[in-house]
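Chain letters run A, B, ... following the sequence lines, proteins first, then strands; residues in each count from 1.
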Amino acid sequence: MTQFAIDNSWLIPFMPALAFIMIVFFLRKAPQASALFSIACIFTSFVLALGVVGGILANPTTTEHSVTWFSMPGVSLEMGTLIDPISGMMVFVVTLIALLVQIYSIGYMENDPGYSTYFAYQSLFAMSMLGLVVSNNFLQMFVFWELVGLCSYLLIGFWFYKHSAREAAKKAFITNRVGDFGFLLGILFLQILFGTLNFTDLADIIPTYTNIGLLTVVALLVFAGPIGKSGQFPLHVWLPDAMEGPTPVSALIHAATMVVAGVYLIARAFFLFVAVPNALMVIAYVGGFTAFFAATIAITQNDIKRILAYSTLSQLGYMVMALGVGGLTASMFHLMTHAFFKALLFLGAGSVIHALHNKQDIWEMGGLAPKMPVTTKTFVIAALALAGIFPLAGFWSKDEILLAALSNGYTGLYLIGTFVAFLTAFYMFRLVFVAFYGEPNPENHPHESPKVMTVPLIVLACLSVVGGLVGMPWLKTNFGSYIYFGEAHHGYSLSIMLTSTLVALAGIYLAYLMYYKKTISAEAIAHRFQPIYKLLYNKYYIDEIYQWFINRVVDGAGRVAYWVDLYVVDGVVNGLANGTKWGGYLVRYLQTGQTQHYGMVLIAAVVVIVILLGLIDPSMGIFAGGGAK
Amino acid sequence: MYGEGLIKGLRVTLKHFFGPHLTQYYPEERPILPPRFHGFLAFDPENCIVCGLCQTACPNRVISLKSEKGGEDGKKRILTEYVLDFRYCMFCGLCIEACPKGCLKFTHEFEKATYHPDEISQVMFRKKVEE
Amino acid sequence: MPRTQELNLNMGPQHPSTHGVFRCVITPDGETVTRVENHIGYLHRGIEKIAESKTYPQFIPYTDRMDYLCSMVYNQGYVETIEKMLGIEVPERAEYIRVIMAELSRIASHLVMVATMAIDLAGTSNWMYCFREREKILDLFEMTCGSRMTFSYMRIGGVAEDLPEEFIPACRKFINEFPEKMNEVHELLTGNEIFQARTKGIGILPPDMAVAYGVTGPNLRASGVPYDVRKNQPYSIYDRFDFKLPVRFNGDCFDRYLLRFDEMEQSCRIIEQALDSLPEGEIKGKVPKMIKIPPGEIYHQVESSKGALGFFLVSDGSNKPYRLHVRGPSFVNMGVFPELAKGWKIQDVISILASLDPVLGEVDR
Amino acid sequence: MELLERLFVNIAGLARTLMAGWSLPNSIIELVVLILGIIAIIGLIIVDAIILVWLERKIAGFIQERPGPNRLGPAGVFQTIADTFKLLGKEDVIPRSADRWVFRLAPPLVFVPAIMLYAVIPFGKDMVPVDLNVGLFYCFSIASLGTMSFLMAGWGSHNKYSLLGGMRTVAQMISYEIPLLLSVLGVVMIVGSLNLSDIVAAQKNVWFIIIQPVAFIIYLIAATAELNRGPFDLPEGEQELVAGVYTEFSGMRWALFFLAEYTNMVATAAIAVTLFFGGWHGPWLPSWMWFFLKVYLIIFFFMVIKWTYPRIRVDHLMHFGWKFLIPLSLANLLLTGVGIEIYRFMRG
Amino acid sequence: MIITLNHYLLLAAMLFCIGLYAALAKKNAISILMGIELMLNACIINLVAFNRFMAPDMVVGHVFGIFVIALAAAEVAVGLALVLTVYRDLLSVNIDDFNWLKW
Amino acid sequence: MGINVEQPADAKQLLKHNIILTSIEKVLNWGRAHSLWPLTFGIACCAIEMMSTTNSRYDLSRFGSELFRPSPRQADLIIIPGSVNKKLQPLVERVYNQMADPKYVIAMGNCAISGGPYRDSYTVLPGVNTFLPVDVYIPGCPPRPEALIDGVLKLRERIMHPERAVKVSQDEQ
Amino acid sequence: MSVSTIVFWIIAAVVLGSAISVVTAQNLVHAALFMVLTFFGVSGLYVLLEADFLAVVQILIYVGAIAVLIVFGVMLTQRKGMEETNVSSSHKWVTGILVTILMVGFAYAVTRTPWQVSDHAAPESTVGLIGELMLTRFVIPFEIVGILLLVAVLGAIILTKGARRLP
């Protein structure tokens, strides 16, 4: 079984592809059937993924299958699958979350007119994501990379009749293009420099390459992709807006899987980044800054999904930072645990939104805890996990990251990370206390969600609790003994654990005081630090800055160019044209407008030229022995 | 299911294909006609009293009869000629209803296809002219 | 801007699909019909004028020859008009016999409609099966009045002859077997996807347009207007029978076709009830020998298989009508045809015409 | 039995030895044998057509619960002969405004390709008139010639009905040629040859109808449409277009169209048998008897279909062809390819 | 007498010239299309003849013949569509009327 | 393509001289008599009976006449089933002229024979024999399907033995 | 004079005769029908050249599709009398002379060139070889031709139906 799964790992992306094709061509008219078929397919993939994981656990080696896709002299493109511990872990996480989200969607999307379409897109996404994960070369990865972008676009704009959804979809798509362009350039560089795009081949070649300067450029270009896809600092703006899509989509794509594709890409191409320390440093600081930056925004937001979105950004920053400091293990570990509890958070938020009929402002909620016990419990577990409370999943992975930062000498980043952990705990529990334990809003009549929605919540909650235990540093074979770069190392620092736990508890307590007990007035603080609050509330005015940039700089440059075009270029051109026109007046009598006349002249010219050539220069061989040579 | 109707239709035609025929083999086998069948008319000159009711009842002037005074007292009308021009007949039966003596009745004859139109009109009775 | 020149396609009078000698000129654009013009009068025989030279009973045979598919109803409408004017009582038994005959006639007429619809769409075998059933009805008619199509069976004040003995069992047998045979037609034609594709949603006649054009009968009821002379202005003894007024709402060819089946079902029910409660007695009321109608005018309506059939009679006191006008349902129904056929494909014109079920003998008169 | 089996082959062999006895050159012997074969085939076609016309009328009659022609000969078999004599004696009308040459040429040009189709069909074991390498393709290309003749007939008549009918024929035939070809390609892929004898030989154990049922159904539908028969007889469309392309043709000219239709029908059925029903393979009976038995069974099916279904509408016809049959046949092709790959993989 | 490559080439050249004449000297747009078809046919004859006489082992000429046939099909489809579109506006297929491209 | 043969009346003179032509003529007449294909042309009530004749109970096809041809070019026989009025007359005449020789006419029903019930009408022509050479008249209003079959058989008789169609005088009845 | 030689001359006569008739026929439909005959003859030439598959393709596509399309086009654009529909324009003499010169040039070139003729026999069956070549060496041209056909079909549809104006 496990061997079959590993050998036939192409089946994993193939099953959702099958679902997509079946739904689009045959099942579109039957919503229930398409949902069931889609789930059945993703379940099959999940089972296969379990097989893969089992195989990896038993024997952590790299298995690669590839066929030639296209070849011509100089270029040989392949398609194939690469199964190693990293992709095994990813396959498992993606199929699991996708399965749960699809089950959840049965309840969440019911009565939606685009039910079948939704599942078709979900399947397409699952196919693309899994294809991305199992890719064995950059080009194939890029193809799927773009496909997941497409799915993201489609799903964000799923309710395309809403203006905001359309705009958000466009924004996501365009923003991602910026990063993808860099990524594509990077791929082209790699192809030109090394003549192959295969990961394993590149991993062998790159360490021996000496032109570090060029390689740095390449690495940064490749990193542009993750910046876009994983929402790192300058290109993060699309992710909060992407919350316009259906909530399960946010859970699956914009929290657990697609956005971590960037992280995964860095991990996959880690050999490239390791070769250029400068690039690694850039990555570390970009990640760290994003983590801090997003977390500060998150504490002022009111929309439940936006809070979670900024939290996602922040955690992604964490992962990227971890990679930057060289902690591949920590990053991947955090990726996995984060997928569990962030998906859970989103699904819980979805459950709440579903119960409140599309209300998303946390201040309009309140008092949900008694009405929605399952959702509340699971949500709190997830929040605790995210905050990094012992022994939940987030605790282990976050500590790994902090440890990695500290042990690799990035003390600054360690401090930032610790502070971010405090912020994380604070804003999460702000959310919990306001939304679930606050004053009940009399307008709301919340009710617990149906079984199809709560069961995935419970499953994810369990995983959030126990998911981190696989990375316990005390275990003999833990997470780090499978996924590592260079050599595996086990280490832990009680002090770091203690510090981070305390910091997180402090954050929770602060939120408790401010929003539950109301002993510290949030308004007063907001008033007190009015400028900072406004800055944070408006997300550092990044969107406005972009807007300004486009309006002023780009448009201004355009206006200048327009002027130049109008008076300088056109002046020259018009002058030429006028000259030509007068010339044309003279020769236009040759133009009869009859195609046949032109054809005749053409043929006559051919005849004349051939005759001339034949007569004047017999050595041209026109009449003698063209075929003889 | 699309195409179900097509298959059902085929079933029906195939059933009939192997089923019996309904045809009456006409020239060999005479059709069984009901007693009231409106075929061509028969005329019984014996009972005719030359009242002319049939002539007036006919909507289309099919019947033409000639008579002469005669008989024992010279007052009784005697039929000399009775012609039915079937070219104009509608076979409505109004003349039969009109006849008080029941001289006219429908026969079961219907095959009167001819090569010449005037053969259709029929002289039902003509008094022999004694020379 | 000049466009391509028009092509006028002439359908009829000698054209396989037109019912009788109807002629229409179609202006197609590609396969789509942009204009249809009706041309009628190829079977005009001046029946209304002939009526003025015939006595009242003598005109009965001519009513047969107007709508030769449903002559009994025409007989009935005509004699009832005169009875109504003269105030003649018709014996119960004669009324029942008239109803039985009229309904059998209606079934026969609808069978012809189904048959022609089938053959117009090239379903030859179904045509045979429908005519086979119709032959059975014609046998019943022949048994009763001696003719297969032109009966002249009704008389002023009653009917010409009583039912023969063997009629009632034969009729019951037919009524009992009939639904099963129709099932065959349903299997062969109604359920056929090709047939449905060619009739469903084709030639939609909206109810307001149907009313505006004066369409009556099954064509009107298929558009969702529940109007039937038998129900709305009951004549003869139709108020004694329990039957439903079948109505369908799409107004397309398929509904017009299916409505005929509904009507046949209801006709069967009426016949069954009439056979059950057929009284004994006279078949002809007291009628003067020479029928003369006092001066005046009258309009009487009955429901034929094609729709509301009206006779308008003006009398000047003599034994011949001064003027007789017939409101023929097919004639009125045909008025909507050009409007209805517009915008469909050439082949749809055929199915629309077949679904309207005109009888040219009555259109042209 | 063995004698019957080899009957025609032996006759040809006999003729060869006879001529060899006259010491004729080899090429001429082959030519004579070929001409003999052609004569035999033309005779076969005419007898076939006569039987088929009679059969069609009988089958129509039987379906409609009546006996059909039964006066001339046993069960009316000579009815068609009477028709032939009558058509021979009919006046030959050429409309004044018609294009004389086109009008005259059209009927023979419909008929000639119909005969040419028979050149490559394996009628029995070792009974192929011409064993072409591209036999199957040849069949379709020859069949496509008929289209032109219909166009000529429709245009040459100078009659609106004819022209419309001709245009419909051409649109229909061109559209349905594509699924027809595509459906057959599945079989070609399996056999790996366009040679009809090879295709028959490949069906020794299993008929292709079992492997390619979808292809067979597509072939049957498209072939019915190509023949302008059954529910697809739009060009004739007597309810709309009087008699379509045939409107202005009388007597023997019209009979040629008629003959061509039946000839084409036999050819189409024969190709269907060759491709899907194992050609002449079959136990007990001589091979050519099997072949004709199967051919007639398929023809019977064609006829029953014609007398069952109403005529399809012209735009439905086009939609059906382009939006359903062609994608379906492409899908079938794809599946066949995948199937062959899988088969090869399993075989190693 | 043996038929050589030259026979085929000369035949093709003649066909080409006839087609060229039709394309250059005919008034009717459809005639011009027909002329172009003749020219394309001449090309294919050349391809096949060269293939047969100079390199019969490879069927490269046939392959190119098939490409040319496909090209011809595309050309006719678009050409006829153009002619029909123009005909709808101008009610003429006379190439002399198609002179809108003139200044 | 077809062998042009003159109408039987003119052929009679040829008969005496040419024995081969006689037998060809006989064979052709046999063919014509046994495959009379009518034109699809319905006018009035009789048209319904004409249709009934083809249906399974009466089955005109037994005599080889069920192939109703929609195009006059391919029909041998035009059955006029109903009254022809002044508006229809030119059309009937034209359809008849479009038919290819040899062609036959059956006047079915009294309307076609003489105008029948409409002898008083101002539009109906007094019979189709005023403008068409009718071969067989079938009286009846309308005639039974069997009567039509009888008419077709009589027409067959006339084709094969033209001499039998000589007028019988009224007195011999 | 072997059989194939005789056949060649017959076919050549048919091809050239009908090609000239395409140009000279006064009725455009007749011209189109002569063109069909030319195509047919050309396919006969392919048979002589042992290109059986190409011959069949020629009939299938040229006669079965292209010629039909052209005749269709003729019929759609000309509805009244067809006489004098295939006339030459005023510059036909110039064109004629030009074409004749070109022909002489061709003849000169062809006859003067010493072709290197191979005496290998043609392969028994060309179908398989063509298929293999198309999908290996000429796969890119093959794909491009496919795209070209698709574009042509779309273009033809858009041209004849008229591009729908966007709202």
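Applying the side chain to side chain donor-acceptor pair (under 3.5 Å) test to every pair with at least one member in residues 88-104 of chain B, sequence neighbours left out, gives these pairs: Glu97(B)-Arg155(C).
Taking all atoms of both residues into account, the shortest heavy-atom contact from Tyr309(D) to Ile7(B) is OH-N, 4.2 Å. Nearest heavy-atom pair across Thr23(B) and Pro67(D) is OG1-CD, 3.0 Å.
In this structure, CZ in Phe62(D) is found 13.5 Å from CG in Leu14(B), a value given to the nearest 0.5 Å. Rounded to the nearest 0.5 angstrom, Lys58(D) NZ and Phe17(B) CZ are separated by 10.5 Å. Taking NZ from Lys15(B) and CD1 from Ile63(D), the interatomic distance works out to 13.0 Å, rounded to the nearest 0.5 Å.
A donor-acceptor pair shorter than 3.5 Å can be found between the side chains of His16(B) and Glu65(D).
Of the two parts of Leu6(B), the backbone and the side chain both hold a non-hydrogen atom closer than 4.5 Å to a non-hydrogen atom of chain D.
The neighbour count for Tyr296(D) OH, taken as heavy atoms of other residues, nucleotides or ligands under 6.0 Å away, is above 12.
Counting heavy atoms from C-beta outward, Trp307(D) and Thr13(B) have side chains that stay 4.5 Å or more apart.
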